[in-house]
Amino acid sequence: MNRTIIDCNANLGSWPFRRTSYNTPEDLLERIGRVGITQAWVTSLDAVVLKNVAAANAPLAEAVAEHDALRAVGTVNPSWPQWERDVAECAELGMIGVRVNPNYQAWLPTDPIFGELLSAAGELGLFVELTVRMTDERHHHPLMMVPPVALGGLLDLCARHQETTIMVANANNAQVLGVARDAAGPLPERLYFEMSHIESVGGVQAVADQIGVEHLLFGTHAPYYYPEAATLKVFDECDFSEAELEALTHGNAEGLLAAR
Amino acid sequence: MSAHGSIIDCHVHPTAARGDGPAACAAEMLRYADRMGIEWQGLSLGPVFIQQPTEDEIVADNDFIAEMIELHPDRFFGYANLNPNLLFHSLREIDERIANGPFVGIKLWVALCCNHANVDAICERAAELRAPILQHTFFRAGGNLAGESSPADVAALASRHPEVTFIAAHAGLNWERGIRAVADQPNVCVDTCGFDPEAGFTEMAVQWLGAERVLYGSDAAGRSFASQLAKVHGADISDDDKRLILSGNMRRVLAL
């Protein structure tokens, strides 16, 4: 069956702590294509640990320019001066969103600057990707151990910035379900979680049942992860209905982009 | 059955399955395993993960697993969970659970680092019974827990007990270091489980150890069967190597 599958969490470039394969646009597309993924939203691995993170944005836009199946997500650090220019540049470059890595950029999502970024991105039609972690904290480089981003306060931010779409990436079961528990009801309409770090037997389905499948996005974290992990979890281990699969694999992502 | 034949998952903890007792837990684990083509599951650590289990807690844990095996002897096999700090009790559990069946191996978690002499006594009995030892291993960022073993600890232990097959679980988590640590010790295998589906792991393990020393394990139910299978299905290795990792090697270890 030919199915549209949008990978909302893929990467290009180099990760400083481990060699990755398939990290060029051509190689990534070939690799994720093996498991049937037809489109991918990509961020720059390099940008996570660059000091001037915005330096990676133009090269990323250029790298994906000739590949209709790839959409670029820029990187912004709102704790640096002139971050507004970086957000504007991402929009000018045709990017669909901007990613922040508060734990690598030394600020907190509860800091006022994040609210300012949410406003600025929303005005320019960019979604904001809040990345909780890049790799398992238990095997970080011993001289660069970076704790995950805490999601406390996220619901307040959603309430105050209803004009902006937020995608939380690389959150695990406990973190996603913690937000759902705090919400004590339906999640904010424009809040999404990407699923690459959701584990446990049948875990993706269990999380979808808790937060509503409409808030879940298909993601692989490729090429850092084997992309088969995501497809096997969704198509083989879980027992989603066809409507749920349509939503999870592309419908939610398309809706997210349309609503920006 | 998967494209690579039947699958043996060498490392499963039914603890987190959404079932109350052994029967419900077994049904839940089998429901998902069937979807993934997993024929056999190697079970240990049942109701509760306890770092320093008492004798009673060990017995209750192993009883839970034994009941699952009794219900489905064609789908489950077991490793007797031991606390090596309780050496006499450990040796008695080995006799009662393995020598008398139905358990086939030993599970050592984080009660006592396996560099301790008590573990040598356990290994001697394991050798007599040809029982493999599944030892949790981490090279944890910031240092291991008290009682937690590293792949280097397993390699040293294995060098003193060459007739025992050791499974260095999780390949040390920090797998690039873990694989290197056990590379020169031929009676140590690594399993694939308990860490994120990080690309390159299986390729490096096969390159350094040979496919014959790599075993598919999931660490389910806390981990997904699927995410851990991806490390094999998604690896750039030969189909023959995949078959060894998914099933053939564990059949050899268990002399099936």
Side-chain angles (χ1 to χ4, degrees), chain A residues 10-11 15 17-23 27-28 31-32 34-35 133-147 170 172-174 195-207 209 220-240, chain B residues 2 9 12-19 28-38 41 138-145 170-178 192 194-204 218-236:
Chain A
N11 308 279
W15 183 239
F17 306 105
R18 177 174 292 155
R19 293 282 187 190
T20 53
S21 301
Y22 306 107
N23 55 5
D27 289 348
L28 178 70
R31 181 65 184 89
I32 61 179
R34 286 189 218 165
V35 294
R133 62 171 54 77
M134 291 303 295
T135 68
D136 186 336
E137 293 79 21
R138 298 173 301 173
H139 67 62
H140 279 188
H141 190 289
L143 298 181
M144 190 169 172
M145 295 167 61
V146 182
N170 297 351
N172 63 24
N173 304 48
M195 51 142 280
S196 63
H197 283 60
I198 293 175
E199 277 286 345
S200 82
V201 169
V204 176
Q205 193 152 20
V207 167
D209 289 345
T220 64
H221 201 29
Y224 194 80
Y225 282 5
Y226 293 110
E228 284 81 0
T231 53
L232 287 169
K233 281 193 282 192
V234 168
F235 294 112
D236 294 71
E237 188 170 87
C238 293
D239 189 25
F240 286 115
Chain B
S2 80
D9 187 332
V12 172
H13 307 300
T15 316
R18 290 176 291 279
E28 186 79 346
M29 298 304 291
L30 290 175
R31 182 162 71 96
Y32 286 103
D34 286 345
R35 291 181 188 164
M36 304 309 300
I38 296 169
Q41 298 175 55
F138 269 12
F139 275 128
R140 190 185 293 268
N144 277 359
L145 306 173
H170 322 304
L173 175 70
N174 186 348
W175 45 265
E176 288 146 310
R177 185 178 175 190
T192 61
F195 57 93
D196 294 333
E198 295 168 347
F201 159 71
T202 311
E203 290 88 338
M204 179 177 174
S218 66
D219 220 6
R223 288 281 173 178
S224 155
F225 286 126
S227 70
Q228 310 302 297
L229 275 172
K231 294 173 185 171
V232 186
H233 291 314
D236 289 330

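Each chain gets a letter, A, B and so on, in the order its sequence line appears, and its residues count up from 1.
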Side-chain heavy-atom pair A:V234, A:M195 within 4.5 angstrom cut-off: yes

N-O pairing of A:R31 and A:E228 below 4.0 Å: yes

Return yes if some donor-acceptor pair links the side-chain N/O of A:H139 with the main-chain N/O of B:L173 below 3.5 Å, else return no. no

Where does A:P142 contact chain B at under 4.5 Å (heavy atoms): side chain, backbone, both or neither? neither

Max heavy-atom pairs within cutoff under 4.5 Å with chain A, candidates B:A230, B:G234, B:G143, B:A199, goes to B:A199

Only pairs of heavy atoms separated by less than 4.5 Å count here; which of A:T20, A:V204, A:I198, A:D236 has the most with chain B? A:D236

What part of B:A33 lies closer than 4.5 angstrom to a heavy atom of chain A: side chain, backbone, both or neither? neither

side-chain hydrogen bond (donor to acceptor under 3.5 Å, both in side chains), paired with A:T135, selected from A:H221, A:H140, A:H141: A:H140

Set of side-chain hydrogen bond (donor to acceptor under 3.5 Å, both in side chains) partners for B:D236, sequence neighbours left out: A:Y22, A:R34

Quick check on B:S218 against chain A: is it the side chain, the backbone, both or neither that has a heavy atom closer than 4.5 Å? neither

Which residues share a side-chain contact (heavy atoms from CB on, under 4.5 Å) with B:A226, sequence neighbours left out: A:L232, A:K233, A:E237, B:M36, B:S224

Where does A:N173 contact chain B at under 4.5 Å (heavy atoms): side chain, backbone, both or neither? neither

Contacting moiety of B:F138, where chain A heavy atoms sit under 4.5 Å: side chain

